[in-house]
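Quick notes on the structure that follows.
This is a predicted model, so every value here is computed, not measured. Every number for a ligand or one of its atoms is a count from 1 in the order of the listing.
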Amino acid sequence: MKTLTVIIPCFNEEGIIEECYTRLKAVLDTLGPGDGMLFINDGSTDRTAQRLDAMAQSDPSVSVIHFSRNFGHQAAVTAGIHHCTTDLAIIMDADLQDPPELIPQIIAKQQAENANGVYCIRRSRVGESKFKLWTSKKFYRTFNRISEMEFPLDTGDFRLIDSLIMQEFRRFKERGKYVRGLISWVGFKQVPFYYERDSRRGGESKYPVKKMLSLASTALVYFSKKPLQAATGLGFSAVLIGIILAVWYVFGKIFGYTQAESGWTSIMITILFFGGIQLLTIGVLGQYIGVLFDEVKGRPEYIIEKMVNGEPKTSDSQK
Ligand code: UDP
Ligand code: MG
């Protein structure tokens with residue numbers, strides 16, 4: 001019987017963390033011994049930390065990593081994978097949108113197919129705004145079109161991974177982690193599992209538009225060079241248009257078919273058009289340079305203040 005750790009990142013989830021524990025505990029009790037939960041408290045400012053510590057005190061199968069501040073969902077999941085010591089891990093949100101009761105079926109799927117990973121595909125998502133559904137649908141499709149490999153659509157971080165995938169994941173040196181992309185990138189045998197996503201059990205979404213954009217930008221910049229190539233493409237088209245215009249005006253001057261007073265409009269259009277393209281491409285370059293800057297600094301991805309029921313590792317000791 002394989003042992004399992006459920007990895008749960010939490011940021012200000014005081015209202016639902018206990019229900020999350022109770023429901024998970026009920027499921028884990030039906031599975032083998034040696035299974036546990038690993039909560040990552042991502043710098044919560046409410047009573048999440050105290051609630052998690054109380055759980056860990058009364059239940060040795062609960063471990064808690066406390067970050068020194070909020071490092072973000074992806075850093076929290078990364079720390080969970082770095083610290084997992086069991087054969088299998090399931091990554092799950094604390095808000096119970098991904099029902100813990102599905103865990104036995106996910107494990108059964110992994111065993112039946114002899115797979116290294118099972119990624120859960122949301123067939124439906126209740127209780128989410130039209131905006132979120134639309135942006136996420138568009139994002140996954142655009143991401144697939146411009147990234148350098150195929151990724152399963154409509155999957156979040158809710159998934160099962162085995163020790164082989166975890167071992168390879170720990171070798172990633174990049175600081176900006178788009179976890180679901182990296183796990184697909186690793187390869188091996190990963191199979192889909194379809195499920196209906198519930199609505200949040202309480203509290204607010206911890207993914208405001210700003211965080212969503214930042215995740216999307218990490219995903220795109222780390223998984224694709226196409227925006228840079230598109231910048232080159234735009235540059236080429238601009239040069240082509242420039243040459244055509246130049247030829248048109250020079251011939252116009254010689255053969256007298258352009259009038260002097262029509263100059264203002266054409267100059268303005270050219271300046272705006274080329275200026276726009278230049279700023280756009282500089283912006284694209286800026287995104288990549290910003291990422292290079294972060295990577296070159298090589299700061300740790302997260303800092304652990306303390307770990308309850310376990311030995312903390314620094315994010316660098318994994319490298
Ligand atoms: N989360 C986190 N750090 C953050 C933001 C979110 O650890 O900075 C956790 C959060 O507590 C939850 C999970 O990541 O367990 C997913 O967040 P949420 O449910 O708010 O995202 P949504 O489902 O709205 O996309
Ligand atoms: Mg959620």
Side-chain angles (χ1 to χ4, degrees), residues 5-24 37-52 55 62-83 89-100 102-103 120-140 143 154-159 175-181 195-219 301-305 307 315:
T5 302
V6 185
I7 296 171
I8 311 128
C10 8
F11 175 54
N12 291 347
E13 303 286 14
E14 62 176 3
I16 45 180
I17 204 71
E18 268 147 4
E19 183 181 349
C20 175
Y21 165 76
T22 320
R23 272 175 66 181
L24 262 173
M37 299 169 220
L38 172 56
F39 289 91
I40 298 92
N41 167 28
D42 184 14
S44 302
T45 50
D46 62 358
R47 298 192 53 80
T48 302
Q50 290 87 323
R51 301 222 159 126
L52 288 174
M55 289 170 201
V62 173
S63 307
V64 186
I65 293 174
H66 294 279
F67 280 178
S68 61
R69 64 169 171 87
N70 180 254
F71 281 91
H73 177 212
Q74 301 293 294
V77 174
T78 301
I81 299 175
H82 285 171
H83 286 79
I90 285 186
I91 303 163
M92 223 187 76
D93 289 352
D95 60 3
L96 298 166
Q97 281 185 289
D98 312 316
L102 295 176
I103 290 176
C120 302
I121 301 188
R122 318 179 260 236
R123 218 169 3 207
S124 66
R125 301 171 79 169
V126 288
E128 295 210 82
S129 69
K130 280 214 166 65
F131 175 74
K132 179 130 190 172
L133 294 179
W134 184 79
T135 46
S136 114
K137 192 170 169 201
K138 284 278 165 230
F139 167 74
Y140 286 114
F143 181 59
D154 305 320
T155 57
D157 287 326
F158 183 34
R159 58 183 67 229
R175 314 273 145 173
K177 287 212 171 56
Y178 178 57
V179 175
R180 62 201 76 163
Y195 76 112
E196 320 287 335
R197 197 165 208 223
D198 282 342
S199 53
R200 214 173 212 285
R201 291 288 298 157
E204 296 274 295
S205 168
K206 306 300 175 308
Y207 259 94
V209 176
K210 204 171 133 209
K211 277 190 181 167
M212 269 163 65
L213 283 177
S214 145
L215 181 67
S217 134
T218 303
E301 290 168 78
Y302 53 81
I303 291 175
I304 296 176
E305 188 179 316
M307 181 166 179
S315 62

Can you list the atoms of ligand 1 that are under 4.0 Å from a heavy atom of Lys206? 5 (C), 6 (C), 18 (P), 20 (O)
Write out the residue and atom name of the closest protein heavy atom to atom 24 (O) of ligand 1, then the distance separating them to 0.1 Å. Ser205 OG, 2.6 Å
Can you name the atoms of ligand 1, numbered from 1 with element, that are less than 4.0 Å from a heavy atom of Lys211? 4 (C), 5 (C), 8 (O)
Numbered in order shown, the ligand 1 atoms found under 4.0 Å of a heavy atom of Gly72 are 3 (N), 8 (O)
Parallel, tilted or perpendicular, as decided by the 30° and 60° cut-offs, for the rings of Phe67 and Phe71: perpendicular
May I ask you to identify the nearest protein heavy atom to atom 19 (O) of ligand 1, giving residue, atom name and distance to one decimal place in Å? Asp95 OD2, 2.6 Å
Between Glu13 and Arg51, does at least one N-O distance fall below 4.0 Å, as a salt bridge requires? no
Could you report the tightest heavy-atom contact between Ile40 and Gly80, atom names first, then the distance? CD1-CA, 3.8 Å
For Leu96 against Asp198, the heavy-atom pair lying closest together: O-CB, 4.0 Å
Which of the atoms of ligand 1 are close to Glu13, meaning less than 4.0 Å from one of its heavy atoms? 10 (C), 11 (O), 12 (C), 15 (O)
Closest approach of any protein heavy atom to atom 9 (C) of ligand 1, naming residue and atom: Pro9 O, 3.7 Å
What protein heavy atom sits nearest atom 3 (N) of ligand 1, and how far away is it? Asp42 OD2, 2.6 Å
Hey, mind stepping through Leu52 and Met55 against side-chain contact (heavy atoms from CB on, under 4.5 Å) and telling me if it holds? CA-CA 5 Å; Leu52 288 174; Met55 289 170 201; 4.1 Å; yes
Enumerated ligand 1 atoms positioned under 4.0 Å from heavy atoms of Ala94: 15 (O)
Using a strict cut-off of 4.0 Å, indicate which atoms of ligand 1 neighbour a heavy atom of Gln97. 19 (O), 23 (O)
Mind checking whether His83 and Tyr302 have parallel, tilted or perpendicular rings, split at 30° and 60°? tilted
Stepwise salt bridge (charged side-chain N to carboxylate O under 4.0 Å, His left out) check, Glu301 with Arg175: CA-CA 6 Å; Glu301 290 168 78; Arg175 314 273 145 173; 5.6 Å; no
Test your reading of the model: is there a side-chain donor-acceptor pair from Gln74 to the backbone of Val179, 3.5 Å cut-off? yes
Taking Asn12 for the side chain and Thr45 for the main chain, is one N or O donor matched with an acceptor at less than 3.5 Å? yes
Under 2.8 Å: N/O/S of Gln97 next to the Mg ion (ligand 2): yes
At less than 4.0 angstrom from any non-hydrogen atom of Lys132, what atoms of ligand 1 do you find? 22 (P), 24 (O), 25 (O)
Please report the shortest heavy-atom distance between Thr48 and Glu14, naming the atom on each side. OG1-N, 3.1 Å
Atom 18 (P) of ligand 1: which of Met92, Arg200, His73 has the nearest heavy atom? Arg200
shortest atom 21 (O) of ligand 1-to-protein heavy-atom contact is with Tyr207 CD1, 3.3 Å
Is it true that the NZ or CZ of Arg23 lies under 6.0 Å from the centre of Tyr21's six-membered ring and within 45 degrees of the ring axis? no
If you measure from each non-hydrogen atom of Asn70 to ligand 1, which part falls under 4.0 Å: side chain, backbone, both or neither? side chain
By atom name, which N, O or S atom of Asp95 is the nearest to the Mg ion (ligand 2)? OD2
Before signing off on this row, confirm whether Phe11 and ligand 1 have an N or O atom pair separated by under 3.5 Å. yes
Is there a nitrogen or oxygen of Glu204 sitting under 3.5 Å from a nitrogen or oxygen of ligand 1? no
